[in-house]
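Labels below follow one simple rule: chain letters A, B, ... track the order of the sequence lines, proteins then strands, and each chain is numbered from 1. Because only heavy atoms are used, hydrogens play no part in the values below, and waters and symmetry mates are left out as well, while side chains stay in.
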Amino acid sequence: MSSFLRNLNSKQLEAVTGGNKSSLILAGAGSGKTRVLTTRIAWLIDTNQASPREILAVTFTNKAAQEMLFRISTMLPINVRGMWIGTFHGLCNRLLRHHHSEVGLPRSFQILDNNDQLTVIKRVIKNEQLNIDKYPPKQVQYHINSAKDQGLRFNDIDEVDDLSHRANQIYLAYQKLCNQEGLVDFGELLLRCYELLKKNILIRKHYQARFKYLLVDEFQDTNELQYNWLQILSCDSNTIFAVGDDDQSIYGFRGARTNNLKDFVVDFNIADTIKLEQNYRSLGHILDAANAVIKNNTNRLGKNLWTSKGQGDPIRLMESSSDQEEAQYVIQEVKNLRQKDYDINSIAIFYRSNAQSRVIEHALFSVGLPYKVYGGLRFFERLEVKHALAYLRISVNPKDDSAFLRVVNFPPRGVGLKSIEKISQIALQDKLGLLEAAEKTSLSGKAKEGVGKFQSVIQRLKNYSLENSLTETIEYLLDLTGIITHYEQEKNGVDRIENLKELVNAGAVFENENPYSNEESENANLDAKPAFENNILSNFLAYASLEAGENTAHSDKEGSLQLMTVHAAKGLEFKVVFMTGLEEGLFPHENSLSEPVGLEEERRLMYVAITRAQQLLYLSFAQSRMLHGQTRWNIPSRFLDELPETSLERSNGKIKSIVTDNTNIFQSSDSTDSLTAGRTVSHTKFGQGIIIQIEGRGPDARVQVNFENVGIKWLIASYAKLTTI
DNA sequence: CTTGAGAGGTTTTTT
DNA sequence: ACCTCTCAAG
C-alpha cells in the first residue's frame, strides 16, 4: 500500500481508491477534501492506472491549483508538468492558444479582466451612439457575463424586457468589437472553448481520449457553462471525480448552480455518493453550532460533521452598543488571547461586507495592533501596472484599441479627446485599428507630434522585444515611455514607481518559471502548435490577466491579525475567529431577504464562517452601526437564534452576551411604558442601574441606563428585558 | 489638459 | 461616510 494512503480514514480511503466510474464526494468543511483529491491523483499515477498526461484537474482559484500541484509533488517524485491542473479559465486559455485558428482568434489574443471589459463596453455604447444613461455599463456587463455563464450568445437570449433588449444589442456590438480586436473576456474563454469542443468532433475526441481522469474541486461553485464544459469532455472511456459541499455554496450571485450537484448524480449515474463527515479542524461546540445552523436550510443533500477531538470551549456571544464598541471588545479579547500565547497570525476577524472593515481597522491602528486586510486591489490591477502592460499589449497586438486608448496620452503627449475622436472617426470609416487609423488622420501640430511620438515608441518597443528578453523589454519600456519620469514628478508617485519596479521583477520570475515559453511539445499532432514570435510576451500578458496577483494589502510586519469578508475566508482556517456584525440586515444581508434562496445562501455563508474556527469562536453583534453615513439600529441576526444553547457562553467578564430570542423581541414582557427616566431597573446580565433617557416607543424604543457595575449602556428596551424595581 | 465640485452608488468575487 | 465618475471651468 502506498505510504500516502496510510493516514486516511475509511471514507477517505474509499473515495481515493474508488473504482473506474464517476463519483461524487460530498466533503464537509475540514474533512480533508483537498487531501482526498490530491491523494487520488497520486494513487492513480502510483498504481499505474494513469499517466500524468491523462489527468485533468480543475479548480476555481490559482491558489487552489498551486496547492494541489504542491501536494502532489510531495507525494510523487514525478514531473507534474504533464498534468493539466489549473483553473477553468487557465485550462481553457491553454486549449484556445493551441487551437486559436479553429476558433478564429489570433494566437496572441488578449484577455480582458473585469475592468478592461467595462471599458470596452463603455466604448461600444459610445460607438453605437447610445445614451449612456439608458444603458448603465455595469448592468450591461452583468447581462453579458451572466449570458455567457449560461452558455448563451446574443441570439440565444429571450428579450423579456426593454433593458434586456437594449443590453442584447450591446452584447452583439461588443462581441463584434472583441472579435475584431482579438479580445477575449473571462466568460468568453470558457464559452469559446466549450463551443470548440462541441463543434469540432476531432478535437473533442482527442481530448476525451487523452484525459482519462477528470477531477473537479469545489463542484458546488460550478456554473451552467462549466458544468456543460465538463459534460462535453466526458465520454465512455473516462470518468469524473467531483468533490464538493452543497452547504458551502456561496457564489450563487455569480452564477454558481448548487443544483449541479444533484444533476451530476443523475447525468453521471452516481450510485452512491461518498460523504466525508469527520472533521479534523474544529472542536465539538463549533461543529455543533455549524450543524445546528445549517439544519435550517431545506433542500440539502444532508451531512452532519463530527469530531473525535472533544468539545473545547463554548462559543462566546458578544454584544456591544455600537460598532466602535464592538471593535474595542474584539481588541480587548485579542490582547487577552495574546497573553495566553495565541499567535496573532492565527486570529481572524470576519465581516459580511467590506465596508465594515474600516471601523475595525481604525481601532486596531490606534492601539497599534498589526493587521492584514484581504481583498482589494491586486498587483496586476493597479493603474500604473495596467498602463505599463497596455504598452506591451499594443506592441503584441496593434489592433488592441483598449490598450491604445489607455496609453496614447499617458504620459501626457498632447493628444486630447478631440484628437482621439478624429482618429476614431477614421478608424470607423476605414475599418482600421486606432493605431493604424492614427497614421491617416490629419491632426493639429501638437497632437500630430504626440501621436507620432507614440507610434515611434510602440515601434521601437516592438522591435526591441523581438531581440531581447521579457524582463529587458519591460525595463526598456519603463524608460522609453517616460512612465517613470512622469511619476517622479507626481506627489504620490513613489509607490507607483515601486510597483513598476516590481513589475520588472514579476517579469523575471515569470521568465524563470517558463523558460521555454511555448507549451511543452506533445506527440499528438492535434496538440502541437509551432512557437510564435512574441510567445513569451503574450503568455505573460495572459498570466497577468488570469492571475492578478496577491490579494492582500501590503504588510511588512511578521505577525498580523487577519481581516477579511466571510467570502474571502472560504477554504481557510484559523485557531480563533471573531465573526462581527451579526445583525439582521447586515448578516443576513437585507438584499438577500427578498427570496428564500437568498436567505439560504446567507445561512450557508454563516456555516462557512463558523467552520473556519479551529479552537475558539466569537460571535458578535452591535446594537447600532454606522452605515452609509447614517446610524442604524439593528436587531441581532436570526442566525444567533439557531445556535444550540448548550454550546454558548453568554456572559464572561468584559465579554457580555445576551439571550436572543426573536419571539420575545416584539412582545416584551415588561411594557416599555413603565420605563421612565430616573427609574431604577434591573438587567439580567448588567445588574442594577438608573435610566438616564429614553428614545422612541414600542418595540424600537431605546433606553440609556447607567449601571452600577458596567457603566452607561444603550439598550433596546424590547429585548433587554429590564425589570423595574 | 488639468483641476475641482457635484452626483450617484454603495453584498458577497474569481477568473 | 466614502469612493468613483462626470462634467464644466481654469
Do any N or O atoms of the protein come closer than 3.5 Å to N or O atoms of nucleotides 13-15 of chain B, and which pairs are they?
residue	atom	partner	partner atom	Å
dT13(B)	OP1	Thr565(A)	OG1	2.7
dT13(B)	OP2	Asn354(A)	ND2	3.3
dT14(B)	OP1	Asn551(A)	ND2	3.1
dT14(B)	O4'	Arg254(A)	NH1	3.4
dT15(B)	OP1	Asn62(A)	N	2.7
dT15(B)	OP1	Asn62(A)	ND2	3.3
dT15(B)	OP2	Arg378(A)	NH2	2.9
dT15(B)	O2	His89(A)	NE2	3.3
dT15(B)	O4	Asn114(A)	ND2	2.3

Point to revise | Rounded C1' spacing from dT6(C) to dT11(B) in Å | key: 26 Å
Check your understanding: Are there more than 12 heavy atoms of other residues, nucleotides or ligands under 6.0 Å from atom CD of Glu224(A)?
Key -> yes
Practice item. Using a strict cut-off of less than 4.0 Å between a Lys/Arg side-chain nitrogen and an Asp/Glu carboxylate oxygen, indicate whether Asp116(A) and Arg393(A) qualify as a salt bridge. Key: yes
Practice item. Evaluate the ring planes of Phe510(A) and Tyr543(A), with Trp represented by its six-membered ring, and classify them as parallel (under 30°), tilted (30 to 60°) or perpendicular (over 60°). Key: tilted
Practice item. Assign each of Ile250(A) and Lys418(A) to its nearest nucleotide of DNA chain B by heavy atoms, then name whichever residue's nucleotide is nearer the 5' end. Key: Lys418(A)
Review point. How many Å lie between NE2 on His589(A) and P on dT12(B), as a whole number?
Key: 7 Å
Practice item. Have a look at Val359(A) and say if it touches a base, only the backbone sugar-phosphate, or nothing, with a 4.0 Å heavy-atom cut-off. Key: nothing
Exercise for review: Give me the ring orientation class for His98(A) and Trp84(A): parallel if the planes are under 30° apart, tilted from 30 to 60°, perpendicular past 60°.
Suggested key: tilted
Revision key, fill the gap. Rounded to whole Å, the CD-C1' distance (Gln630(A) to dA1(C)) equals 10 Å
Practice item. If the plane angle is over 60° it's perpendicular, under 30° parallel, otherwise tilted; pick one for Tyr171(A) and Phe154(A). Key: perpendicular
**Study point:** Arg612(A) CZ - dT12(B) P separation (whole Å)
**Key:** 19 Å
Polar-atom pairs under 3.5 Å, protein N or O versus N or O of nucleotides 6-10 of chain B: list them with distances, or write none.
none

Review point. For nucleotides 2-10 of chain C, read 5' to 3', which letter fits each nucleotide if B means a protein heavy atom sits under 4.0 Å from the base, S means only the sugar-phosphate is that close, and - means neither?
Key: S--------
Practice item. In whole angstrom, give the distance that lies between atom CD of Glu584(A) and atom P of dT11(B). Key: 17 Å
Review point. Do the charged groups of Glu218(A) and Lys570(A) touch, with an N to O distance under 4.0 Å?
Key: yes
Practice item. Please state whether the rings of Phe219(A) and Phe264(A) are parallel, tilted or perpendicular, taking 30° and 60° as the class boundaries. Key: tilted
Point to revise | Polar contact flag, side-chain donor to acceptor under 3.5 angstrom, Gln324(A)-Glu326(A) | key: no
Practice item. Assign the ring pair His567(A) / Tyr251(A) to parallel, tilted or perpendicular, where the plane angle (0 to 90°) is split at 30° and 60°. Key: tilted
Practice item. Verify whether one side chain among Asp185(A) and Tyr174(A) offers a donor that lies under 3.5 Å from an acceptor in the other. Key: yes
Check your understanding: Would you say Phe253(A) has more than 12 foreign heavy atoms packed within less than 6.0 Å of its CZ?
Key -> yes
